[in-house]
Q: 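One structure, as C-alpha cells, below. Some questions next.
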Amino acid sequence: MSASPQDLMTAKLFFNAAFPTMQVLLDDDPKLHKKFQNFNATVQFGAMNDGELLCCHLIFQNGNLTVVQGPAEKSDISLTFSSVEKMNSLLKGGLSLPSIKGSLSLLPNVLSILMGLKIMTKPNDKLKNDTEKLLKVKCSLYMITRALSQYNKLGDPDMQEFCLRQPDRIYQFQVEHDGQPDYIACYLRVKAGQSKSGHGVYTRRSPFVLFHFFSLDGALKVLGKECEFVEGVEKGYVETIGSPEYACYLNDYMAILQGMLT
C-alpha cells in the first residue's frame, strides 16, 4: 500500500526536522543528558511503503546525535512500521507499534528519546518547571525553522514559490529571558529559492523579519496555540519587526507545519 503524498511529506519532515531536535534534549534535559552520556549505538527508524523502506538512522555517540537519511549499513537496533501512516501516528502520539530487530537492551533509551520529543506537544499547564518550559520553546522553534527550510527542499510548490521570489532574507526568532534578548535564538535564511535554518543570531545581515518573544511564558502561549499570533501581538507576548506581509506569510506556513507534525 502506497502512502499519500501528505503522509510521505510528514514522515520526511519528522526525519529531517523533528529528529535533529533530539540534540536539544540530549544537551538540556538533565535525565536524558545523563542517560545518553555513554550511549553509543546506531538506531534505524522507518516504515515500509509499497514494498520499499523509507527510513533514517540515528547515530548516538556519547551524548551527540547525527541523523542520516536512508538505511544504515549496520544498525544495532531497527524499528520498522508496516506503513508510513502508522509510523506518523506513533510520532504524533498514537499507539502504533513497529517490528523491532536487534539489541533489545537498547530499546529503553530509544523509547525515552522518542518520548522526549513529545515535550513539544505537552500542554502548557502540564509543564512542571522552567526546564520543561525551556525545552518546549527551544525544541519547538528549532524544529519549526528547520521544517520551514525542509518544506522548501522537499518540494512543496507553494513554499518553493515563496522562497524563489526572495533575494536574500533572514527571518530571525528570539526569545527573551532573564534580561537576555536572545536567550533562545534561531533563524531561517531564504535566498533565490534556496533555504537554510540555523541556531543563534544571524550576524552577517539584519533580519528582514524579527519575531521577538518577550518571555518564555509568552512564547509558550503563542507556540502552544493558546492564542493566535495576532492576539499574541496584541497581548504583548510577541512583536514582529520588519515586513508585516511576509511575517504573516511565514506564520501561515508555520501553522501548516505544526498541523502536520503535532
Side-chain angles (χ1 to χ4, degrees), residues 9 12-29 33 56 58-59 61 63-69 116-117 119-120 134-156 159-177 180-214 216 219-220 222-223 229 238-243 246-258 260-262:
M9 176 64 82
K12 291 175 182 178
L13 287 170
F14 271 118
F15 291 168
N16 286 277
F19 282 10
T21 63
M22 291 177 183
Q23 187 64 56
V24 175
L25 300 173
L26 296 177
D27 292 338
D28 295 350
D29 184 307
H33 180 78
C56 68
L58 315 176
I59 304 172
Q61 294 177 305
N64 294 308
L65 168 66
T66 303
V67 182
V68 182
Q69 303 309 310
L117 287 176
I119 190 73
M120 289 186 280
L134 167 67
L135 286 171
K136 180 171 181 176
V137 173
K138 196 171 185 179
C139 285
S140 297
L141 285 177
Y142 281 15
M143 185 271 287
I144 202 66
T145 48
R146 191 175 181 94
L148 285 163
S149 180
Q150 290 298 319
Y151 201 41
N152 173 51
K153 293 178 180 180
L154 291 170
D156 178 79
M159 189 67 185
Q160 287 185 323
E161 194 277 330
F162 172 77
C163 293
L164 192 62
R165 67 175 184 256
Q166 301 189 66
D168 191 354
R169 291 170 173 170
I170 303 300
Y171 294 86
Q172 181 75 54
F173 296 79
Q174 293 179 202
V175 181
E176 188 173 339
H177 183 62
Q180 186 176 337
D182 54 356
Y183 185 76
I184 299 172
C186 54
Y187 63 86
L188 172 71
R189 182 183 183 187
V190 179
K191 182 180 180 181
Q194 302 300 308
S195 59
K196 182 180 180 180
S197 62
H199 303 162
V201 175
Y202 191 88
T203 57
R204 289 180 290 174
R205 179 180 290 271
S206 297
F208 179 64
V209 178
L210 168 63
F211 297 87
H212 174 212
F213 295 91
F214 291 99
L216 281 178
L220 284 168
V222 176
L223 296 172
F229 190 85
V238 60
E239 67 174 345
T240 58
I241 301 172
S243 169
Y246 278 82
C248 289
Y249 285 150
L250 202 69
N251 184 56
D252 288 344
Y253 286 117
M254 289 168 60
I256 290 169
L257 291 169
Q258 283 182 312
M260 293 172 67
L261 295 170
T262 59

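Values below: every heavy atom of this structure, side chains too, minus hydrogens, waters and symmetry copies.
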Q: To the nearest 0.5 angstrom, please state how far the CE atom of Met143 sits from the CG atom of Leu13.
A: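 The CG atom of Leu13 is 9.0 Å from CE of Met143, to the nearest 0.5 Å.
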Q: Does the side chain of Met159 reach to within under 4.5 Å of the side chain of Leu148, using non-hydrogen atoms?
A: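 Yes - at least one pair of side-chain heavy atoms lies under 4.5 Å apart.
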Q: Rounded to the nearest 0.5 Å, how far apart are CG of Leu261 and CD1 of Ile256?
A: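 Between Leu261 CG and Ile256 CD1, I get 12.0 Å after rounding to 0.5 Å.
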Q: Step by step, work out the side chain to side chain contact (heavy atoms under 4.5 Å, CB included) result for Val201 and Gln174.
A: CA-CA 8 Å; Val201 175; Gln174 293 179 202; 3.8 Å; yes
Q: Which atoms form the tightest heavy-atom contact between Phe19 and Leu65, and what is the distance?
A: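 It is O-CD2, 3.7 Å.
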Q: What distance do Lys196 atom NZ and Lys191 atom NZ have between them, rounded to the nearest 0.5 Å?
A: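 Reported to 0.5 Å precision, the distance equals 11.5 Å.
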Q: Which atoms form the tightest heavy-atom contact between Leu223 and Gln258, and what is the distance?
A: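 Smallest heavy-atom distance, with atoms named: O-NE2, 3.4 Å.
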Q: Kindly give the heavy-atom pair with the smallest separation between Leu188 and Ser195, and that separation in Å.
A: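 Nearest heavy atoms, Leu188 then Ser195: CD1-CB, 4.3 Å.
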Q: Salt bridge (Lys or Arg N to Asp or Glu O under 4.0 Å) with Glu239: which residues, sequence neighbours excluded?
A: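 Expected list: none.
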Q: Under the rule for ring-ring contact (aromatic ring centres under 6.0 Å, His included), what residues qualify as partners of Phe211, not counting sequence neighbours?
A: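 Expected list: Phe173, Phe229.
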Q: What distance do Glu176 atom CD and Leu216 atom CG have between them, rounded to the nearest 0.5 Å?
A: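 If we round to the nearest 0.5 Å, Glu176:CD and Leu216:CG are 10.5 Å apart.
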Q: What residues, two or more places apart in sequence or in another chain, satisfy salt bridge (Lys or Arg N to Asp or Glu O under 4.0 Å) together with Asp28?
A: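 For Asp28, the residues satisfying salt bridge (Lys or Arg N to Asp or Glu O under 4.0 Å) (neighbours in sequence not counted) are Lys138.
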Q: Search all heavy atoms of Val67 against all heavy atoms of Phe15 and return the closest pair with its distance.
A: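 Smallest heavy-atom distance, with atoms named: CG1-O, 3.6 Å.
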Q: Taking all non-hydrogen atoms of both residues into account, name the closest pair between Gln69 and Cys56 and its distance.
A: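 Of all heavy-atom pairs spanning Gln69 and Cys56, the closest is OE1-CB, 3.7 Å.
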Q: Looking only at heavy atoms, what is the nearest atom pair of Ile119 and Cys139, with distance?
A: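 For Ile119 versus Cys139, the nearest heavy atoms are CG2-SG, 4.4 Å.
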Q: Can a donor-acceptor pair be found, under 3.5 Å and without considering hydrogens, that links the side chain of Ser149 to the backbone of Arg146?
A: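 Between the backbone of Arg146 and the side chain of Ser149 there is no qualifying donor-acceptor contact (under 3.5 Å).
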Q: Just wondering, do Leu26 and Asn64 contact through their side chains at under 4.5 Å, heavy atoms?
A: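 Not in contact.
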Q: Let's go through Val209 and Leu250 carefully: what are the C-alpha distance in whole Å and the side-chain angles of both, what is the deciding distance for side chain to side chain contact (heavy atoms under 4.5 Å, CB included) to 0.1 Å, and is it a yes or a no?
A: CA-CA 10 Å; Val209 178; Leu250 202 69; over 6 Å; no
Q: Below 4.5 Å, heavy atoms only, C-beta onward: do Leu134 and Tyr183 meet side chain to side chain?
A: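 Of all side-chain heavy-atom pairs linking Tyr183 with Leu134, at least one is under 4.5 Å.
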Q: Sequence neighbours left out, what passes salt bridge (Lys or Arg N to Asp or Glu O under 4.0 Å) with Arg169? Give chain and number order.
A: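 In terms of salt bridge (Lys or Arg N to Asp or Glu O under 4.0 Å), with neighbours along the sequence ignored, Arg169 is linked to no residue.
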Q: Would you give the length of the straight line joining atom OH of Tyr171 to atom OG of Ser243, rounded to the nearest 0.5 angstrom?
A: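 Those atoms lie 6.5 Å apart.
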Q: Show your working on side chain to side chain contact (heavy atoms under 4.5 Å, CB included) between Gln180 and Asp182 and close with a plain yes or no.
A: CA-CA 6 Å; Gln180 186 176 337; Asp182 54 356; 3.5 Å; yes
Q: Between Leu220 and Lys136, is any pair of side-chain heavy atoms under 4.5 Å apart?
A: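 Yes, at least one pair of side-chain atoms sits under 4.5 Å.
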Q: Side chain to side chain contact (heavy atoms under 4.5 Å, CB included) between Asn251 and Thr240: does it pass, once the steps are laid out?
A: CA-CA 11 Å; Asn251 184 56; Thr240 58; over 6 Å; no
Q: Checking Tyr202 now: which residues fulfil ring-ring contact (aromatic ring centres under 6.0 Å, His included) with it, not counting sequence neighbours?
A: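 Checked Tyr202 against ring-ring contact (aromatic ring centres under 6.0 Å, His included); matches are Tyr187.
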Q: Rounded to the nearest 0.5 Å, what separates atom CG in Leu141 from atom OG in Ser197?
A: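 OG of Ser197 is found 12.0 Å from CG of Leu141.
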Q: Output all residues satisfying side-chain hydrogen bond (donor to acceptor under 3.5 Å, both in side chains) with Tyr246, sequence neighbours left out; order by chain, then residue number.
A: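 Applying side-chain hydrogen bond (donor to acceptor under 3.5 Å, both in side chains) to Tyr246 gives Arg165.
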Q: Say whether, by atom type as modelled, one donor and one acceptor occur between the side chain of Gln172 and the main chain of Gly200 under 3.5 angstrom.
A: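 Such a contact is found between Gln172 side chain and Gly200 backbone.
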